[in-house]
Amino acid sequence: MYDFDEIIDRRHTNAMSTDGFRSYIFHADDSMTFPYKDEEFIRMWVADMEFATPDVVIDAIKERLDKRIFGYTRVFEKSYYDAFVGWCQRRYGWTFKREELVMSNGVIPALYELVDYILKDDEKVLFLTPSYAYFKYAADVNHKESVCSNLIYENGRYSIDFNDLKEKASDPKVKLFILCNPHNPTGRVWQEDELKKMAQIVEDNNLWVISDEIHCDLLRTCNQHIPLGKIMPTYQKLVTCMAPSKTFNLAGMMISNIMIRDEELRNIWLDRHYNFDNPLSIAATQGAYEKGEPWLKELCAYLDKNFEFTKTYLKENLPQAKMEISEATYLAWVDLNAYFDKDENLPMFFAYKAGVLLEGGNMFVQHSDGFIRLNLACPKSTLEEGLKRICDAINHKHTEKYLGEK
Ligand code: LCS
């Protein structure tokens, strides 16, 4: 039994979660003040966890530390591939060839590069919205236009508007589709029929497709992840991204697995990418894939309970909020449109009125007004306090002014 109830002090670790919220959420510097001290905030924003990485991972890092030299390093050993392909085989019934695997310091750095390598000047990127904002930034930094297909939102559930997606994919300038599978922020795990329909649209339009599967290990018990690579077993213009960062709380180790099927694109990557990896990150990742499964199972059971608790709590204390339990991720996506105007700055409201740091509103490109995203990967006691503050702030909304109010 792992202790997911333990509260771990993250101060003085240079954590984004504790020290980076002013710049990331509010685009502000240290002069921004709140009615709360920094350490009083309940932090439910950036997508990392308040849980310790498993001991087997820490042991793997220690073993590597004992080798004492940390010179230039790359993944050369077949044992790394064996550990990761074994993970994919066991969990998803999917494999890939060893030569397809390249390493990146993160999925987002990989997206930034791939958009550059794949697209010509006036070509466009297609993705589903709401979306993790970095999909759009990957287009923006490369001066490429983004084309968004809004998901259908009906009775609290999201689905793909295939007619819209088909139409947007047929724009001759759209050459790349970036899929988030499972989907951040809605938590959808795309089912086989949905993946097949998307695959058909990709094939019909001869698109490149990047399937960002970074959240694929974090499923509610009873769901199953299907890699797009399994649905499109021979399609060459496919790149799959997976990583230990979300799964094992290793985002700061900056390592991710990128499977590039197309040989030409892979060669461009190998030519232009700065191909070195952090030796501690390699050790941590291999240790996680080889020995981390029992911990992950317990983590997912704990997250299941946090989701159940959140749904029940909101139902009782905020009856007009709408929330479906996410099929994947540790992120809850909550519709607060019944309580707020469309243009309300929700992260600001909750920071000032509740002392809760969260993401929401227009932070997800488009089609996300009035929603907040809550990171539930925290001890139950932290979650309880966060939810209580959120509900109290809304229920007393009209009785007090807050500094962000217009
Ligand atoms: N892709 C998706 C869909 C993500 O949600 C994230 C992290 C990343 C990639 C980042 O990958 P990395 O570069 O670390 O390998 N998502 C975050 C989020 O929603 N808030 O904070 C991080």
Side-chain angles (χ1 to χ4, degrees), residues 10 15-26 43-50 53 84 102-115 125 127-139 141 151 158 177-190 209-219 225 227-228 239-259 273-274 277-278 281-282 284-285 288 326-334 347 357-365 368 371-378:
R10 298 182 73 180
M16 275 301 286
S17 177
T18 54
D19 291 32
F21 66 91
R22 282 182 180 76
S23 59
Y24 189 98
I25 307 178
F26 302 110
R43 294 171 275 105
M44 305 178 86
W45 67 287
V46 69
D48 63 19
M49 306 197 270
E50 294 296 303
T53 205
F84 178 47
V102 299
M103 306 307 296
S104 168
N105 284 161
V107 170
I108 295 310
L111 284 186
Y112 278 36
E113 280 184 58
L114 288 164
V115 169
V125 186
F127 52 87
L128 302 169
T129 38
S131 169
Y132 178 49
Y134 278 84
F135 286 13
K136 178 167 186 303
Y137 301 156
V141 295
L151 294 171
Y158 284 87
F177 176 48
I178 306 181
L179 174 66
C180 193
N181 173 35
H183 188 257
N184 175 14
T186 67
R188 275 298 321 274
V189 170
W190 305 119
V209 56
I210 302 177
S211 190
D212 177 348
E213 307 192 2
I214 195 168
H215 293 279
C216 69
D217 300 318
L218 293 163
L219 305 187
H225 169 71
L228 186 63
V239 179
T240 304
C241 308
M242 291 182 177
S245 43
K246 300 276 165 249
T247 316
F248 294 101
N249 212 14
L250 293 171
M253 300 299 274
M254 302 196 65
I255 184 165
S256 59
N257 303 300
I258 313 295
M259 281 68 78
H273 181 79
Y274 187 70
D277 306 303
N278 183 317
S281 307
I282 298 171
T285 306
S326 304
E327 294 163 342
T329 77
Y330 41 69
L331 307 163
W333 186 238
V334 185
L357 298 172
L358 52 75
E359 297 185 29
N362 62 9
M363 290 178 78
F364 296 88
V365 183
S368 55
F371 283 77
I372 55 169
R373 195 192 70 173
L374 300 178
N375 182 339
L376 308 190
C378 57

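Indexing begins at 1, ligand by ligand and atom by atom, following the structure's order.
With contacts defined as side-chain heavy-atom distances shorter than 4.5 Å, the pair E213/L228 qualifies. Counting heavy atoms from C-beta outward, M253 and F248 have side chains that stay 4.5 Å or more apart. Considering only heavy atoms from C-beta on, N375 stays 4.5 Å or farther from V46 through its side chain.
Among the candidates T186, N184, T329, the single residue satisfying the side chain to side chain contact (heavy atoms under 4.5 Å, CB included) test with R373 is N184. Evaluated for a side chain to side chain contact (heavy atoms under 4.5 Å, CB included) with L111, the options F135, Y134, Y132 yield exactly one hit, F135.
Residue pairs meeting the salt bridge (charged side-chain N to carboxylate O under 4.0 Å, His left out) criterion with at least one member in residues 104-113, sequence neighbours excluded, do not occur.
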Pairs of nitrogen or oxygen atoms, one from ligand 1 and one from the protein, closer than 3.5 Å: please tabulate them with distances.
residue, atom, partner, partner atom, Å
ligand 1, 1 (N), D212, OD2, 2.5
ligand 1, 5 (O), N184, ND2, 2.8
ligand 1, 5 (O), H215, NE2, 2.8
ligand 1, 13 (O), V107, N, 3.1
ligand 1, 13 (O), I108, N, 3.0
ligand 1, 15 (O), V107, N, 2.7
ligand 1, 16 (N), Y132, OH, 3.4
ligand 1, 16 (N), K246, NZ, 3.4
ligand 1, 19 (O), N184, ND2, 3.0
ligand 1, 19 (O), R373, NH1, 2.6
ligand 1, 19 (O), R373, NH2, 3.3
ligand 1, 20 (N), A47, N, 3.3
ligand 1, 20 (N), R373, NH2, 3.3
ligand 1, 21 (O), A47, N, 3.0

